[in-house]
Amino acid sequence: MSFSIPAPLEAELDELVTRYPQKRSASLMFLHTLQEHFGYVSPEAVEWTAAKLGLAPINVFELVTFYPMFRQEPLGRTHIKVCRTLSCSLAGAADLRKKFCEKLGLDPKAHVPQTTTDGNFTVEFVECLAACGSAPVVLVNDTLWEKVDGTGTDAILSEGKRSETRARSAGMAG
Amino acid sequence: MPQEYRLILKHADQAGYTPDMECYLRHGGYEALRKALATAPRELPDGKKQSSQEVIRDEVLKSGLRGRGGAGFSCGLKWSFVDRRSGKPIYLICNADESEPGTFKDRQILHKDPHQLIEGMIISCWANDVKLAYIYVRGEFPQAARIINQALKEARSKGFLGKNILGSGVDLEIHLHRGAGAYICGEETGLIESLEGKRPYPRIKPPYFPAVLGLYMCPTIVNNVETLCAVRHIVSMGAAEYAKLGTANNTGTRIISLSGDVQRPGYYEVEVGKATLGELIHHENFGRGLRPGRSIRAIIPGGSSSKVLKAGERFKLKRKGADGQMTTVEVDLLDLPYDFDSLQAAGTMSGSGAIIVLDDTRNPVDVLANVSEFYAHESCGQCTPCREGALWMSKALHRLTHGEGRKSDADYLLHIAQNIQGRTICAFGEAAAWPTLSFVKKFKAEFEARGAADEAGTGPTGSGKPPASH
Ligand SMILES: Cc1cc2nc3c(=O)[nH]c(=O)nc-3n(C[C@H](O)[C@H](O)[C@H](O)COP(=O)(O)O)c2cc1C
Ligand code: SF4
Ligand code: FES
């Protein structure tokens, strides 16, 4: 796939630069915006960002490797982040993650983020999501699910499947 | 009867209260800002003159407000350290990274009442001659980021932000900046590096005190979300009235995040020090106690970085009697007033105001293993004692929770923790060491028994008992 930035996106990024006295400050917001658009941060996105902000590519790449939210390859369309930190753990986070893995045919013992072979779902453990009062919690794409139990797990998965279907039929129609 | 006192969260959960400008204005929004801008300069009894801005800064100091982000440092004093003679711009950053495990209070404000924060920020900026400020929101709050962006847009269109705000002759801009999933961005100098577009490696103090050499090496104020909201109330009520809330040296209200083994976890705004730790956990108005048949084993009183308290511990507190005489009283941990000073006197801290309750079914070894995995994951890696030590502790705890422990692991853990604290660039070192130091010291028998059982081959191999981290 060739790397191109649509004009409206570039305008959005240009506006971001104006928010800071020094261009370099915009790099995190650039990476967020590019990741939202492309689904991940590719080497091209790193180089493009670096050129745009007058940086060496390594100055951008070192951000991608440090900050846990940035990823270097596409993940599942439905990204399930299960909180593993103390309050969620006390409320059964380990079992919850296991349940997601089992239902999706992923290895419950693997600690790294895992994606289903059809590319629809990614499951991973993350650290405290600042919602410990409603543990256990799961962040699914941009939506926080609280007090997730068996029903919640099923609801998350079926909603994920519905949006896959929608995306696919929209893709075919377009 | 101990009860909530909702000042900052007064409207947040009311039916029909929405995060938009119109709703905020209907509830008296931005009146405090108008009041601040209209503040008259004054002359003090000693003949010293104070500008309008100095009056506000003085009010914040007199209110006794202490930072709600973790350290509990006087907000007014912090502001007084700002280098105002450097000729460089002064920046203000709102720390909305909310990443201390157990804490979920700023989330409520950001999602439900963003304009309150923005108003508090505008006042704080105006009082400190700040023309450019940022709200650093953790990456895992995508919805909060959208809400804040929208609120900032509304504030601009109403003339609360931008050129010549409300005709005051002062320009001010506030922007949102998003983090990307690293705990260390909550540490103020790490946050500043991150805002500069770099890896969030904390800076060494001295010389890099933000008040002097902060963002872009300019004087910078970093305050927590809740602290900045309190400023808005101090201006609207007046410092004297605000200081009547709470207790001596622990003024105002505080939003407590309660989680773990209680019947009713949640966030509760209380006057600081007016409820005890025990009341917050057991009282009808708060946590409503533990599940039937369970009792408290331990309490993590101020976010996962604070030292654990063990059920039955007793502490000596100094109290001022009605006659003004200081006396020492001995109290059970449940009778500790939940305030900055009492928790400190008990050898721990109220930190970010996050209480995590552990009941008698929890094994401290499993709990510490979970906590220590967090620190191993989140160390930024700059300092060897922290980077290696946090990992070693986590590895030792991993083997203790997977049937491969040794009796000597307890002492080994203490040895590592002791060699982290005080030897690092930032306070993350202490944050990583304190849970280990306190858990292992207070529950040494449990740690040694687990290791000994593993050595004898009788341990609960990979017991899987919660909390197991994987
Ligand atoms: C490891 C570490 C993590 C921190 N995380 C946060 C955080 O998530 N939010 C916060 O407001 N302060 C956090 N702090 C405290 C900040 O460094 C800083 O003291 C605080 O934002 C100042 O605001 P305040 O004076 O209003 O409390 C953290 C400190 C350390 C050492
Ligand atoms: S103490 Fe840890 S987190 Fe802080 S600067 Fe050193 S390595 Fe980084
Ligand atoms: S521990 Fe899971 S949200 Fe805080």
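Each chain gets a letter, A, B and so on, in the order the sequences are listed, and its residues count up from 1.
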Let me confirm one number: the CD-CD distance from B:E373 to A:E127, rounded to the nearest 0.5 Å. 6.5 Å
Just wondering, do A:C132 and B:T103 contact through their side chains at under 4.5 Å, heavy atoms? no
Within a strict 4.5 Å, meaning less than it, do heavy atoms of the B:S194 and A:L28 side chains meet? yes
Is there side-chain contact between B:R146 and A:D142, with at least one heavy-atom pair below 4.5 Å? yes
CZ (A:R19) and CG (B:L132) are apart, to the nearest 0.5 Å, by 11.5 Å
Under a 4.5 Å heavy-atom cut-off, does chain B meet the side chain of A:A135, its backbone, both or neither? neither
If you compare all heavy atoms of B:C185 against all heavy atoms of A:Y67, which two are closest, and at what distance to 0.1 Å? SG-CE2, 3.8 Å
With only heavy atoms counted, which part of A:L129 is less than 4.5 Å from chain B, the side chain, the backbone, both or neither? both
What are the two closest heavy atoms between B:P101 and A:C128, and how far apart are they? CA-SG, 3.7 Å
Quick one: do B:Q143 and A:L144 satisfy side chain to side chain contact (heavy atoms under 4.5 Å, CB included)? Show the steps, please. CA-CA 9 Å; B:Q143 281 172 351; A:L144 184 77; 5.7 Å; no
Is it the side chain or the backbone of A:T143 that comes within 4.5 Å of chain B heavy atoms, both, or neither? both
B:I300/A:L86 under side chain to side chain contact (heavy atoms under 4.5 Å, CB included): CA gap, chis, key distance, verdict: CA-CA 11 Å; B:I300 298 174; A:L86 187 56; 3.5 Å; yes
Can you give me the closest heavy-atom contact between A:M29 and B:R178, atom names plus distance? SD-N, 3.3 Å
If we ignore hydrogens and angles and just use 3.5 Å, is the side chain of A:S87 paired with the main-chain N or O of B:G102 as donor and acceptor? no
Output yes when A:E146 and B:R107 qualify as a salt bridge under the 4.0 Å nitrogen-oxygen rule, no when they do not. no
Less than 4.5 Å to any heavy atom of chain B: does that hold for the side chain of A:Q35, its backbone, both, or neither? neither
Assess, by modelled atom type and distance only, whether the side chains of A:S25 and B:Y216 contain a donor and an acceptor separated by less than 3.5 Å. yes
Going through the distances and angles, do A:S134 and B:F104 end up as a side chain to side chain contact (heavy atoms under 4.5 Å, CB included)? CA-CA 10 Å; A:S134 32; B:F104 47 97; over 6 Å; no
Which bit of A:P21 is near chain B, if near means a heavy-atom gap under 4.5 Å: side chain, backbone, both or neither? both
Between B:E140 and A:K81, does any NZ, NE, NH1 or NH2 come within less than 4.0 Å of an OD or OE carboxylate oxygen? no
Side-chain heavy-atom pair B:K198, A:R24 within 4.5 angstrom cut-off: yes
Looking only at non-hydrogen atoms, find the nearest pair between A:M69 and B:G181 and report the distance. SD-N, 3.7 Å
Which class fits the ring pair A:Y20 and B:H175: parallel under 30°, tilted 30 to 60°, perpendicular over 60°? tilted
Residue selection (most heavy-atom pairs with chain B, distance under 4.5 Å) from A:S27, A:A26, A:P68: A:P68
What heavy-atom pair brings A:R84 and B:F374 nearest, and what distance separates the two atoms? NH1-N, 3.8 Å
Is it the case that atom NZ in B:K131 sees more than 12 heavy atoms from other parts of the structure closer than 6.0 Å? yes
Considering all heavy atoms, the nearest A:L90-B:I356 contact: CD1-CG2, 4.2 Å
